[in-house]
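In what follows, a single structure is set out as structure tokens and then discussed.
Keep in mind that what you see is a predicted model, and the values were worked out from it rather than measured.
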Amino acid sequence: MDVGIDGEQEFYVCACFYTHNIFLQEYNLHVTYFNDENRFIHDWKQALFSRGCRTEDQMKTVIQQIKDEVMRRKSLGQQFLERRQKIFQDYKPLHPHIYKLLDSYFTEEFLDILHYARQEDATAEGLKEKLTVESSSEVYSFPVFTSQFCEQFMEEISHFENTDLPKGRPNTMNNYGVLLNELGFDEDFISPLRALYLRPITQLLYPEWGGSCLDSHKAFIVKYKLGEDLSLNYHYDNSEITINVSLGRQFSEGSLYFGDMRWVPMNETTCTEYTHKPTYGLLHRGQHMHGALPITEGERYNLIVWMRASKVRNEMCPMCGRKPKLVKTIGFGDGFTQEQPDMVNLCSTL
């Protein structure tokens with residue numbers, strides 16, 4: 001259980017976390033698996049065949065990869081606790097002061113945006129005048145952190161990566177990067193970032209997506225580098241709202257591209273590009289389809305925060321499209337909560 005800036009709350013995952021959205025990197029395909037090999041072969045054989053999975057041995061390898069991923073997901077909670085304890089005991093931060101969020105880490109431009117958003121008479125249209133409205137629908141960019149802070153943040157991440165301590169990776173599509181809750185950033189950095197600095201902005205820009213009642217998150221660093229991860233496949237996030245901050249380093253290419261919302265057919269979608277600017281954040285709806293083009297040189301670090309509103313996702317899981325079947329977990333899980341019949345609607349009171 002996470003107890004912090006939003007008070008005491010127990011969070012859950014949806015049961016679909018163990019069956020849906022399993023990524024097969026070799027075939028660039030997300031699949032579902034219901035612990036039934038024959039059903040899986042029946043449902044996915046044609047799609048896999050068209051992508052090069054054409055032998056019995058290849059199919060056996062795919063099924064084993066899926067079983068390994070399901071087992072990994074089921075053991076995430078315990079592995080998190082073990083890694084977090086080991087890191088807490090043995091890791092000596094390079095910049096210990098950055099683990100507590102301060103106003104001085106933000107640019108003057110961001111603090112001006114925040115000051116406006118916190119005013120009682122602030123409006124979405126007034127706020128947009130202070131942001132860069134990108135060509136893709138409901139995507140906004142603005143400066144967030146100072147260059148000095150970004151450099152220290154990247155130095156801290158590199159310092160941790162160079163240790164032999166255990167590291168959980170962000171997801172099955174990013175093989176390099178850091179889960180920030182394991183490193184100790186959640187309580188005094190990411191939680192206040194979400195609740196005190198970003199929520200005043202999101203409540204104006206995304207009221208229908210729970211922008212006023214974001215109550216949990218998943219935060220991580222992704223790194224793109226030649227010889228490591230170069231790009232990110234077309235996907236949507238397990239969030240209501242996402243912020244993606246480019247921390248920097250020298251790199252070429254690697255633009256983000258946005259399509260449409262996940263329910264819009266690909267043949268009806270026109271993609272637009274966004275070029276990363278160090279220190280700038282990009283704010284978008286989680287279910288807005290997007291991807292990252294390959295970098296051609298250098299390396300790039302990005303801070304990603306998937307922000308979640310239980311009041312929205314309790315009605316429909318964004319991953320399976322149904323009312324979530326709750327499974328207990330550790331920490332924020334996937335941001336679902338056990339609602340009581342007489343619970344006050346927080347979104348309407350904020």
Side-chain angles (χ1 to χ4, degrees), residues 2-7 9 95 97-124 126-133 138-154 156-157 180-181 183-207 209-221 237 239-248 277-286 301-310 312 332 335 346-347 350:
D2 271 88
V3 179
I5 199 160
D6 296 292
Q9 177 66 64
H95 298 299
H97 65 278
I98 70 170
Y99 286 72
K100 184 176 179 64
L101 189 63
L102 300 174
D103 278 2
S104 60
Y105 301 162
F106 296 99
T107 64
E108 290 297 326
E109 294 93 335
F110 177 81
L111 292 176
D112 177 66
I113 292 167
L114 178 62
H115 175 72
Y116 175 80
R118 286 174 170 171
Q119 295 180 28
E120 290 187 5
D121 60 349
T123 65
L127 178 59
K128 291 174 187 178
E129 292 178 3
K130 295 179 174 292
L131 312 175
T132 299
V133 179
E138 296 190 59
V139 177
Y140 310 97
S141 64
F142 44 90
V144 180
F145 296 118
T146 65
S147 297
Q148 179 183 12
F149 172 77
C150 288
E151 186 58 37
Q152 290 183 342
F153 203 166
M154 289 186 291
E156 185 68 40
I157 299 303
L180 292 176
N181 61 343
L183 197 49
F185 275 98
D186 246 12
E187 184 173 351
D188 292 329
F189 190 101
I190 300 297
S191 285
L193 174 65
R194 165 178 51 80
L196 303 179
Y197 291 85
L198 294 175
R199 198 156 59 189
I201 296 170
T202 60
Q203 69 180 356
L204 292 172
L205 298 178
Y206 303 104
W209 289 94
S212 65
C213 48
L214 300 169
D215 53 0
S216 70
H217 59 261
K218 178 178 180 178
F220 49 95
I221 299 292
D237 299 338
S239 69
E240 274 62 67
I241 304 166
T242 294
I243 188 165
N244 180 336
V245 182
S246 177
L247 299 174
K277 303 172 189 175
T279 77
Y280 273 67
L282 194 70
L283 199 64
H284 63 86
R285 295 162 294 174
Y301 285 80
N302 287 65
L303 165 64
I304 314 292
V305 186
W306 289 353
M307 297 181 286
R308 293 156 170 170
S310 61
V312 174
F332 282 135
L346 293 179
C347 289
L350 293 175

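Checking side-chain atoms of Tyr116 against main-chain N and O of Thr123 turns up a donor-acceptor pair under 3.5 Å. Ser212 places no side-chain N or O within 3.5 Å of a backbone atom of Gln203 that could act as its donor or acceptor partner. Listed for the Glu240 side chain is no donor-acceptor partner under 3.5 Å among the backbone atoms of Trp209.
Closest heavy-atom contact between Lys218 and Arg308: CB-NH1, 4.0 Å. In terms of heavy atoms, Ala309 sits closest to Gly210 at CB-O, 3.7 Å. Lys277 approaches Ser246 most closely through the heavy-atom pair O-CB, 3.6 Å. Taking both residues in full, the closest heavy atoms of His284 and Asp237 are given as CE1-OD2, 3.5 Å, listed atom of the first, atom of the second, then distance. Between Phe149 and Ile98 the shortest heavy-atom distance is CE1-CB, 3.9 Å. Heavy-atom minimum distance, Phe142 versus Leu131: CD2-CD2, 3.7 Å.
The distance from atom CD of Glu151 to atom OG1 of Thr146, rounded to the nearest 0.5 Å, is 10.5 Å. The CD1 atom of Ile241 sits 10.5 Å away from the CZ atom of Arg199 when rounded to the nearest 0.5 Å. The CG atom of Leu214 sits 15.0 Å away from atom CH2 of Trp306, with the distance rounded to the nearest 0.5 Å. Here the CD-CG distance, from Glu187 to Leu101, works out to 13.0 Å after rounding to the nearest 0.5 Å. The CZ atom of Phe106 sits 7.0 Å away from atom CG of Leu111, with the distance rounded to the nearest 0.5 Å. Note that the CG atom of Leu114 and the NZ atom of Lys130 stand 11.5 Å from one another [nearest 0.5 Å].
Other residues, nucleotides and ligands contribute only 12 or fewer heavy atoms inside 6.0 Å of the CD atom of Gln148. Around NE2 of His95, the count of heavy atoms belonging to other residues, nucleotides or ligands within 6.0 Å exceeds 12.
Taking the ring centre of Phe332 as origin, the terminal cationic atom of Arg194 falls inside the region bounded by 6.0 Å and 45° from the ring axis. Under a cutoff of 6.0 Å and an axis angle of 45°, Arg118 and Tyr197 form a cation-pi pair.
Applying the side-chain hydrogen bond (donor to acceptor under 3.5 Å, both in side chains) criterion to Thr279, with sequence neighbours excluded, gives no partner residue. The side-chain hydrogen bond (donor to acceptor under 3.5 Å, both in side chains) search around Tyr105 returns none, not counting sequence neighbours. By the side-chain hydrogen bond (donor to acceptor under 3.5 Å, both in side chains) test, Asn244 is found to be paired with Asn302, residues two or more places apart in sequence or in another chain being considered. Applying the salt bridge (charged side-chain N to carboxylate O under 4.0 Å, His left out) rule to Glu138 yields the partners Arg285; only residues at least two apart in sequence or on another chain are considered. Scanning for salt bridge (charged side-chain N to carboxylate O under 4.0 Å, His left out) contacts around Lys100 gives an empty result, with sequence neighbours left out. By the side-chain hydrogen bond (donor to acceptor under 3.5 Å, both in side chains) test, Asp188 pairs with no residue at all, sequence neighbours left out.
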Let me see the working for Thr202 and Met307 under side-chain contact (heavy atoms from CB on, under 4.5 Å), right down to the final yes or no.
-> CA-CA 10 Å; Thr202 60; Met307 297 181 286; 4.3 Å; yes
Should Ile190 and Val305 be marked as a side-chain contact (heavy atoms from CB on, under 4.5 Å) after you check the CA-CA gap, both sets of side-chain angles, and the distance that decides it?
-> CA-CA 8 Å; Ile190 300 297; Val305 186; 4.2 Å; yes
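Under the 6.0 Å cut-off for aromatic ring centres, Tyr99 and Phe153 do not qualify, their centroids lying 6.0 Å or more apart.
Using a 4.5 Å heavy-atom cutoff, the side chains of Val133 and Tyr140 are in contact. Contact of the Ser191 side chain with the His217 side chain is registered, since non-hydrogen atoms from C-beta on lie closer than 4.5 Å. A 4.5 Å side-chain heavy-atom check between Leu205 and Leu283 finds at least one atom pair inside the cut-off. Side-chain contact between Asn181 and Phe220 is absent, with no heavy-atom pair separated by less than 4.5 Å. Side-chain contact check for Ile201 versus Ile113: some heavy-atom pair is nearer than 4.5 Å. By the 4.5 Å heavy-atom criterion applied to side chains, Pro143 and Phe110 are not counted as neighbours.
Here the rule is side chain to side chain contact (heavy atoms under 4.5 Å, CB included) with Ile157, and of Ile221, Leu303, Leu247 only Ile221 fits it.
At a cut-off of 3.5 Å, with distance as the only test, a side-chain donor of Asp215 or Ser310 sits close to an acceptor on the other residue.
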